[in-house]
Number of protein chains: 2
Amino acid sequence: MPTTDPSERRATIEDVAEAAGVSVATVSRALRDLPNVATSTRLRVEQFAQQLNYRADPNASRLAAGRSGAVAMAVPVFNSWYFSEIVAGAEAVFADAGYDVLISAIPGPHRRALFVSQTAYQRRADGIIMVDLAMGQGERDVLLRAGVPTVTTGAKSADFPGVIIDNVAVGRTAATHLAGLGHQRIALIAGQNEDPLHFTVPEDRQRGFERELEAREIFFDPSLEAAGNFSVAGGYEAMVGLLKLDHPPTAVFAMSDEMAFGAIQAAREYGLGVPEDLSIMGVDDHDLAAAFGLTTISQQVDHQGPLAARLLLALLDDHQPDELMVEVPTVLVERTTTGPPV
Amino acid sequence: MPTTDPSERRATIEDVAEAAGVSVATVSRALRDLPNVATSTRLRVEQFAQQLNYRADPNASRLAAGRSGAVAMAVPVFNSWYFSEIVAGAEAVFADAGYDVLISAIPGPHRRALFVSQTAYQRRADGIIMVDLAMGQGERDVLLRAGVPTVTTGAKSADFPGVIIDNVAVGRTAATHLAGLGHQRIALIAGQNEDPLHFTVPEDRQRGFERELEAREIFFDPSLEAAGNFSVAGGYEAMVGLLKLDHPPTAVFAMSDEMAFGAIQAAREYGLGVPEDLSIMGVDDHDLAAAFGLTTISQQVDHQGPLAARLLLALLDDHQPDELMVEVPTVLVERTTTGPPV
DNA sequence: AGGCCCACTGCAAGCGCTTACAATCAGGCC
DNA sequence: GGCCTGATTGTAAGCGCTTGCAGTGGGCCT
């Protein structure tokens, strides 16, 4: 008397083995295209597997093989153009490579630490991508000791390969563009005042920006720096604050296009013409930058996700990638929101 | 002679058991807060677990328990405001509930079928959320037979619980608003001409839109329908096409804000004032709708992800949710891109 | 004091797969 | 024809956890 009617449960490797008249070991090997399986056997096994709708239980194979077949991506938030673009690009590559993709939003340092220790000690994923999430020394150590292949994005890290852009150059380019147009009072809409996650990106952009102004002997008034939180609403608020100043700026460099969009909205509501009364530029070359006519600095976001993914796949395949640090070029895209001061 | 220095490998449940001087069964029970464990024992086990940095291997526990501790979300694409918002909202809820979140982009019907059969036969996930992905009968059957708890979003389905909006009403609201302002030639920027995934959402919106016009005895000229592909670029192209018409529209209803943004851009480039020369409205209440001053129909996207997630969690917890179909209200948000025709 | 009940805990059998190692077998060679 | 070789396949021991079932012992009742 048979235990259970196989058609009533998911097929197991044993069902396939039985059907094909071979051992489970052979089925396992055949289905994973391992060598040392006669072609005829492989074909037969594949046929029965298909017939039975058999799929290896990932949990079982992971447990046995010690690999998880999944990668994890951690991003600060999802509902932001930049991050969803990165995730989308990487996901496509991972899906093609047969990996599952786990995602995790990291609202704060506590979650980041939790994420790191979970993936490290729990091997939920074979490798991880940290998007714009600078880790502390402790977290880096955990990952390194656990030997979890890790790729970073945005924040350059000496410990892990990653795809980066030259954020100092970004700041410099912005300052060059705006100062080149003749602006003297240039405001900066940056990230958060209190940044629990310690993004390094804003710092770098700010450094480049200030240095370039300095080099041009343009005074950067600290009151012209505002926190925009990398959101549309934040950019709006920041701009409102700047416009209330006794001596408002004639140009604004927002560290992201989304903040720039908010800034444009605020300027318009104040009855200011952009760029006649106020020049505004951003960073990213957001999907909607063209619709706003926004001058911005493109960082080819659509390339970054796939690049990071391929970097990680190389690591997982255990062959060192050609270059550990991939730098994506940035380029000024001039549109119509910047112009000379009146 | 000990086998391996425990500190050199990930701690296993056995290490904890040994350290705490109990059996692995007790450790397992203690750590999962099962009943029938003395409080003192539980405490001691927890302490040692923490000390050893122990985390249950998810693959092992899933294999043994037959649950995967993960949910999968399938969306058509990630880099679209609407979808990333849904994913973000749902992920937060799942993360709080201790579930891993797998994501899958579904570029076409083939991938959709693959996704369905994988989750069904491979139990990678305990449950799934299909975002705006109408399934074919075959796929629904597979899911139902396999008993995979499933929640749908956007596309109403008789077979699965879901969160929906009244898309017919959306179309009706748009027509009412625009016709109410006095427009007679109203264009429609819809989805794709050839839609391999068979979204039902655009159909419903269109139906409501046309019906309302009909009720008002306004003729809907078929040449005023254009495909905008639910993207900014698509909306732009669609608008360009409409503006080239011999008898262009005085108002446009775009089925998504992103398409509306593209349409606005096109109108501006053509030197048309919005809304003086052309009224444009969208659907979604996108983050940037306010920045564009876009009149739109809000569908409270930020609520939809969490709602869907909670629905699925209820299913996974095996207690039928209070209501299987959650309808999120839609509401017209009037801004400055619509006005009476000149 | 003897029994019974119940709260805890341990035993051990898997979960479905992978993989080192052993076994088998056909072909080729001397 | 016997022996060696390499290709193929089978055997079986786990992978690390969960869980049904079987103790174990203290408290309480009669």
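Order of the sequence lines fixes the chain letters, A, B, ..., with proteins taken first and strands second; residue numbering starts at 1 for each chain. Excluded from the calculations below are hydrogen atoms, water molecules and symmetry mates; all remaining heavy atoms, backbone and side chain alike, are included.
- A side-chain donor-acceptor contact under 3.5 Å links B/D126 to the backbone of B/G69.
- Listed by first and then second residue, the salt bridge (charged side-chain N to carboxylate O under 4.0 Å, His left out) pairs that reach into residues 35-51 of chain B are B/D33-B/R42, sequence neighbours excluded.
- Using a 4.0 Å cut-off on heavy atoms, the residues of residues 35-43 of chain A that approach DNA chain D are A/N36, A/V37, A/A38, A/T41, listed by number.
- The list of side chain to side chain donor-acceptor pair (under 3.5 Å) pairs with a residue in residues 90-109 of chain B, not counting sequence neighbours, reads A/R111-B/D96, A/R124-B/D100, B/R62-B/D100.
- First and last contacts of DNA chain D with chain B, using any nucleotide atom under 4.0 Å from a protein heavy atom and ordered 5' to 3', fall at D/dG16 to D/dG20.
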Shorter than 3.5 Å, N or O on both sides, protein versus nucleotides 20-22 of chain C: list them out with atom names.
none

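- Annotation: side chain of A/I86 is not in contact with side chain of A/V75 (no heavy-atom distance under 4.5 Å).
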Side chain to side chain contact (heavy atoms under 4.5 Å, CB included) for B/F83 and B/V131? Distances and angles first, verdict last. CA-CA 8 Å; B/F83 295 122; B/V131 181; 3.6 Å; yes
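- Sorted pairs that involve residues 305-316 of chain B and meet salt bridge (charged side-chain N to carboxylate O under 4.0 Å, His left out), not counting sequence neighbours, are lacking altogether.
- OP1 or OP2 of C/dC17 has not a single side-chain nitrogen or oxygen of A/S61 nearer than 4.0 Å.
- Helix bend of the helix from C/dA1-D/dT30 to C/dC30-D/dG1: the angle between its two end axes, each built from five pairs, comes to 50° after rounding to 10°.
- Here the shortest heavy-atom pairing between A/A88 and B/F78 reads CB-CB, 3.6 Å.
- Residues B/T26 and A/R44 both approach DNA chain D. Their nearest nucleotides, taken by heavy-atom distance, put A/R44 toward the 5′ side.
- Scored by the side chain to side chain donor-acceptor pair (under 3.5 Å) test, A/T26 finds A/S23 as partners (sequence neighbours excluded).
- Summarising the geometry of A/I128 relative to A/V148, their closest heavy-atom pair is CG2-CG1, 4.3 Å, with the distance given to 0.1 Å.
- Residues passing the side chain to side chain donor-acceptor pair (under 3.5 Å) test with B/Q137 are B/R140, B/D141, sequence neighbours excluded.
- Projected onto DNA chain C by closest heavy-atom contact, A/A60 and A/R67 fall at different nucleotides, the more 5' of which corresponds to A/A60.
- One interatomic measurement links the two molecules: CG of B/L34 to P of C/dC8, which rounds to 13 Å at whole-angstrom precision.
- In terms of the side chain to side chain donor-acceptor pair (under 3.5 Å) criterion, A/D132 has no residue partners (sequence neighbours excluded).
- Within the structure, side chain to side chain donor-acceptor pair (under 3.5 Å) pairs that include any residue of residues 71-80 of chain A comprise A/N79-B/E85 (at least two apart or interchain).
- Remark: B/T200 pairs with no residue by the side chain to side chain donor-acceptor pair (under 3.5 Å) rule, at least two apart or across chains.
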